[in-house]
Amino acid sequence: MGRRINVIGVSGNGKTTVARALAERLGVPFVELDALHHGPNWSEPTIEEFRRRVEDATAGDAWVVDGNYRGKLGDYFFERADTVVWLDQPLPLVLWRLWRRTFGRIRRQELLWSDNRETWRGAFWGRESLFAWTIKKFVSDRRKLPARLAGHPHLRVVRLRTPREVKRFLEKI
C-alpha cells in the first residue's frame with residue numbers, strides 16, 4: 001500500500017469512512033476535500049484558493065485524501081498519489097446509503113463543513129440536487145474513469161465494487 005492515497009467515488013460510497021480508516025491504520029494525515037471546499041452558506045473558494053488549500057493540506061510525503069473535485073483540480077491527485085482507491089459499488093446501494101445519510105443529517109440538523117446543513121431542497125430538487133448529481137457522476141465515472149486512470153501508469157488502482165471487497169481490503173491494511 002502506498003503512502004499517498006486518493007479515495008474516490010460518488011457520494012454515498014463510503015469515501016470518508018474508508019479514507020479515515022486507511023489514514024488511521026497507516027498513521028498518516030487524513031484530508032477531507034469537502035472541508036477544504038465548502039465555506040459558510042455553501043460558498044466555494046476560487047479555484048486558485050482551493051488549490052492552495054489542497055496543496056497546503058497535502059504538502060507532506062504521506063496522506064489519505066477523501067474526494068474527487070476533478071472538475072476543479074483536474075488530475076492533481078492522479079499525478080501526486082501513488083494509490084487510488086476507487087469505491088465503485090452498485091448504484092442502488094449507493095443511493096440507499098446516500099438517502100439514509102442525508103435523511104439523518106437533515107432530521108438531526110447536523111452541522112457540516114463551515115456550519116452548513118443539508119436541506120431537503122439541496123438534496124432532492126433540481127438538476128444540481130445531491131441525488132441527481134450522484135446518478136450523473138456514477139454514469140460518467142463508469143464510462144470515463146478507467147481511461148483517465150490508465151493515463152497515469154504509476155498509480156496502483158484498487159477498484160472496490162462491493163461492501164465485501166471494501167471490508168476485505170481494509171482488513172488487509
Side-chain angles (χ1 to χ4, degrees), residues 1-89 94 97-98 101-102 104-105 108 110-119 122-123 128 130 133-134 136-138 140-141 144-146 148-160 166 169-173:
M1 178 61 49
R3 307 271 301 155
R4 293 182 316 278
I5 303 166
N6 184 201
V7 179
I8 63 172
V10 298
S11 296
N13 251 307
K15 288 185 308 292
T16 302
T17 301
V18 170
R20 280 185 208 264
L22 280 173
E24 182 179 313
R25 290 174 182 168
L26 296 171
V28 302
F30 165 71
V31 178
E32 185 177 19
L33 293 183
D34 283 339
L36 300 177
H37 184 264
H38 297 298
N41 298 313
W42 297 106
S43 62
E44 299 179 8
T46 64
I47 291 174
E48 295 78 20
E49 174 63 19
F50 184 44
R51 185 172 281 263
R52 187 194 59 72
R53 291 176 189 176
V54 168
E55 288 171 353
D56 290 348
T58 59
D61 292 334
W63 33 260
V64 176
V65 171
D66 155 25
N68 302 311
Y69 288 94
R70 286 185 300 276
K72 292 189 176 190
L73 298 173
D75 285 354
Y76 180 79
F77 285 110
F78 293 172
E79 293 163 1
R80 293 197 59 224
D82 50 41
T83 305
V84 168
V85 176
W86 177 12
L87 301 178
D88 184 29
Q89 299 178 84
V94 167
R97 287 177 173 175
L98 189 59
R101 182 187 80 189
T102 303
R105 284 177 173 176
R108 292 185 304 273
E110 185 175 326
L111 286 177
L112 301 173
W113 320 276
S114 300
D115 292 333
N116 291 308
R117 288 184 169 90
E118 286 186 307
T119 64
E128 295 301 315
L130 179 60
W133 181 89
T134 297
K136 183 171 56 174
K137 194 77 175 124
F138 181 89
S140 173
D141 279 0
K144 297 177 182 175
L145 202 48
R148 198 163 185 178
L149 289 166
H152 300 277
H154 72 281
L155 282 174
R156 174 180 183 231
V157 177
V158 180
R159 187 173 182 181
L160 304 172
V166 171
F169 171 74
L170 289 174
E171 286 172 349
K172 290 179 185 177
I173 303 301

Q. Between V31 and F77, is a side-chain contact (heavy atoms from CB on, under 4.5 Å) present by the stated rule, with each step listed?
A. CA-CA 12 Å; V31 178; F77 285 110; 6.0 Å; no
(Q) Do V54 and Y69 make a side-chain contact, defined as non-hydrogen atoms from C-beta onward lying under 4.5 Å apart? (A) no
**Q.** Smallest separation among heavy atoms of F50 and P45, with atom names
**A.** CB-CG, 3.7 Å
Q: Give the minimum heavy-atom separation between T102 and A123, together with the two atoms involved.
A: CG2-CB, 3.5 Å
**Q.** CH2 on W86 to CG on L155, rounded to 0.5 Å
**A.** 13.0 Å
Q) Any side-chain heavy atom of F78 sitting closer than 4.5 Å to one from V157? A) no
Q: Quick one: do D66 and R20 satisfy salt bridge (Lys or Arg N to Asp or Glu O under 4.0 Å)? Show the steps, please.
A: CA-CA 8 Å; D66 155 25; R20 280 185 208 264; over 6 Å; no
Q) Going through the checks in order, is the side-chain contact (heavy atoms from CB on, under 4.5 Å) test met by F30 and T16? A) CA-CA 9 Å; F30 165 71; T16 302; 4.0 Å; yes
Q. Can any side-chain N or O of R53 pair as donor or acceptor with the backbone N or O of L36 at less than 3.5 Å?
A. yes
Q: Mind running side-chain contact (heavy atoms from CB on, under 4.5 Å) on R156 and V84 for me, showing each step along the way?
A: CA-CA 6 Å; R156 174 180 183 231; V84 168; over 6 Å; no
**Q.** side-chain hydrogen bond (donor to acceptor under 3.5 Å, both in side chains) partners of R70, counting only residues at least two apart
**A.** N68, D141
**Q.** Other residues, nucleotides, ligands: >12 heavy atoms within 6.0 Å of D56 CG
**A.** yes
Q | SB check R3 D61 (cutoff 4.0 Å) | A | no
Q: Could you check V166 against Q89 for side-chain contact (heavy atoms from CB on, under 4.5 Å), going step by step and ending with a plain yes or no?
A: CA-CA 9 Å; V166 171; Q89 299 178 84; 4.1 Å; yes
Q. D34 versus K15: any side-chain heavy-atom pair under 4.5 Å?
A. no
Q: Report yes or no: does R51 contribute a side-chain atom to a donor-acceptor pair with the main-chain N or O of L73 at less than 3.5 Å?
A: yes
Q | Separation of E44 CD from W42 CH2 (nearest 0.5 Å) | A | 10.5 Å
Q | Pairwise side-chain contact, T58 with R80, heavy-atom cut-off 4.5 Å (strictly under) | A | yes
Q: Any chance you could measure L22, atom CG, to T83, atom OG1, to the nearest 0.5 Å?
A: 9.5 Å
(Q) Checking the side chain of K137 only, and the main-chain atoms of V10 only, is there a donor and an acceptor separated by less than 3.5 Å? (A) no
Q.
As an exercise, state the distance from CG of L149 to NZ of K144, rounded to the nearest 0.5 Å.
A. 13.5 Å
Q: Say whether, by atom type as modelled, one donor and one acceptor occur between the side chain of D88 and the main chain of R159 under 3.5 angstrom.
A: no
**Q.** side-chain hydrogen bond (donor to acceptor under 3.5 Å, both in side chains) against E55, all qualifying residues, sequence neighbours excluded
**A.** none
Q.
Ignoring hydrogens, what is the shortest heavy-atom contact between P40 and N116? Give both atom names and the distance.
A. C-OD1, 3.8 Å
**Q.** Heavy-atom check, side chain of L160 versus side chain of V18, under 4.5 Å
**A.** no
**Q.** Check: R117 and R105 side chains under 4.5 Å, non-hydrogen atoms
**A.** no
**Q.** N6 side chain vs A81 backbone, donor-acceptor pair below 3.5 Å
**A.** no
Q.
As an exercise, state the distance from CD1 of I8 to CG of L87, rounded to the nearest 0.5 Å.
A. 8.5 Å
Q | Sidechain-backbone polar pair: R25 side chain, L170 backbone, donor-acceptor under 3.5 Å | A | yes
(Q) Within a 6.0 Å radius of atom CD on E24, are there more than 12 heavy atoms belonging to other residues, nucleotides or ligands? (A) no
